[in-house]
Amino acid sequence: MMYAVLFEDNLQLGTEVRQKHMPQHLAFLERNAAQITAAGPLRTTANEPAGGLWIVQADNSDAVEALVKDDPFWPTGLRKSVRILAWSQVFAEGKRLV
């Protein structure tokens with residue numbers, strides 16, 4: 001099953017925390033590339049930080065939650081909130097999938 005994971009960042013921590021843990025976070029994403037198929041930051045239309053997004057392939061939402069908590073960003077307090085949503089992809093690369 002596919003999941004969309006929406007992160008809202010704790011902007012009070014500033015960019016220092018993100019920069020300090022970014023190498024470990026990127027290595028974590030690489031190690032989990034079989035499950036985390038896409039990941040990246042979100043920004044507002046005014047180009048301000050707004051959080052992040054993962055697309056995850058997993059058996060269930062508990063497995064997704066475990067990935068979230070294994071991310072080196074998690075214990076830092078950088079993540080203000082997380083939403084795990086089941087996602088059904090119906091369109092990709094210009095084609096219907098259903």
Side-chain angles (χ1 to χ4, degrees):
M1 177 171 243
M2 297 292 286
Y3 293 88
V5 183
L6 297 172
F7 297 98
E8 179 186 13
D9 287 347
N10 180 353
L11 299 178
Q12 294 178 348
L13 291 181
T15 59
E16 299 81 26
V17 172
R18 177 178 299 282
Q19 290 172 351
K20 179 180 177 183
H21 296 280
M22 185 60 74
Q24 297 92 340
H25 171 69
L26 293 174
F28 165 82
L29 293 174
E30 290 170 339
R31 283 192 310 275
N32 291 282
Q35 289 183 280
I36 304 171
T37 61
L42 297 170
R43 301 188 72 76
T44 67
T45 55
N47 204 32
E48 297 171 353
L53 169 72
W54 290 357
I55 301 298
V56 178
Q57 175 71 41
D59 291 334
N60 54 56
S61 61
D62 290 339
V64 178
E65 186 174 346
L67 275 173
V68 167
K69 290 183 178 176
D70 282 344
D71 180 358
F73 278 175
W74 183 257
T76 67
L78 180 63
R79 304 296 194 193
K80 184 176 178 180
S81 69
V82 178
R83 289 185 69 197
I84 298 171
L85 305 164
W87 180 52
S88 299
Q89 187 174 12
V90 299
F91 190 83
E93 299 179 17
K95 297 179 184 174
R96 296 180 193 184
L97 302 177
V98 293

Within-4.5 Å side-chain heavy-atom neighbours: Leu6 and Leu85: yes
Looking only at heavy atoms, the pair that brings Leu97 and Ala92 closest together is CD1-CB, 3.9 Å
* Any link between Val56 and Leu42 through a network of hydrophobic side chains (Ile, Leu, Val, Met, Phe, Trp, Tyr) touching at under 4.5 Å? -> no
Are there over 12 heavy-atom neighbours, none belonging to Gln89, within less than 6.0 Å of that residue's CD? yes
Thr15 meets the side-chain hydrogen bond (donor to acceptor under 3.5 Å, both in side chains) criterion, sequence neighbours left out, with none
Taken in chain and number order and not counting sequence neighbours, the residues that satisfy side-chain hydrogen bond (donor to acceptor under 3.5 Å, both in side chains) with Lys80 are none
In this structure, CD of Gln57 is separated from CH2 of Trp87 (nearest 0.5 Å) by 10.5 Å
| Side chains of Leu67 and Gln35: closer than 4.5 Å at any heavy-atom pair? | yes
**Message:** So that I can tick it off, tell me whether Lys69 and Glu65 are bridged by a salt bridge, with the cut-off set at under 4.0 angstrom between side-chain N and carboxylate O.
**Reply:** yes
Separation between CG (Asn32) and CG (Asp70), nearest 0.5 Å, reads 7.5 Å
Would Val82 and Glu8 count as a side chain to side chain contact (heavy atoms under 4.5 Å, CB included) if you check the C-alpha gap in whole Å, the side-chain angles of each, and the deciding distance to 0.1 Å? CA-CA 6 Å; Val82 178; Glu8 179 186 13; over 6 Å; no
(message) Quick check: do Leu78 and Asn10 have side-chain heavy atoms less than 4.5 Å from each other?
(response) no
If hydrophobic clusters are built by linking Ile, Leu, Val, Met, Phe, Trp and Tyr wherever their side-chain heavy atoms come under 4.5 Å apart, do Met1 and Val64 end up in the same one? yes
Given 3.5 Å as the limit, does a donor-acceptor pair link the side chain of Thr37 with the main chain of Ile55, or not? yes
The complete set of ring pair (Phe, Tyr, Trp, His ring centres under 6.0 Å) pairs with one or both residues in residues 56-81, sequence neighbours excluded, reads His25-Phe73
Across all chains, not counting sequence neighbours, the salt bridge (charged side-chain N to carboxylate O under 4.0 Å, His left out) partners of Arg18 are Asp9
Query raised in the report: Can Val5 be reached from Leu26 by stepping across I, L, V, M, F, W or Y side chains whose heavy atoms are under 4.5 Å apart?
Result: yes
Across all chains, not counting sequence neighbours, the side-chain hydrogen bond (donor to acceptor under 3.5 Å, both in side chains) partners of Asn47 are Arg43
Original post:
Can you check whether Ser61's main-chain N or O pairs, donor with acceptor, with Tyr3's side chain at less than 3.5 Å?
Top reply: yes
Residues passing the side-chain hydrogen bond (donor to acceptor under 3.5 Å, both in side chains) test with Gln24, sequence neighbours excluded, are none
Q. Taking the six-membered ring for Trp, are the ring centroids of Phe7 and Trp54 within less than 6.0 Å of each other?
A. yes
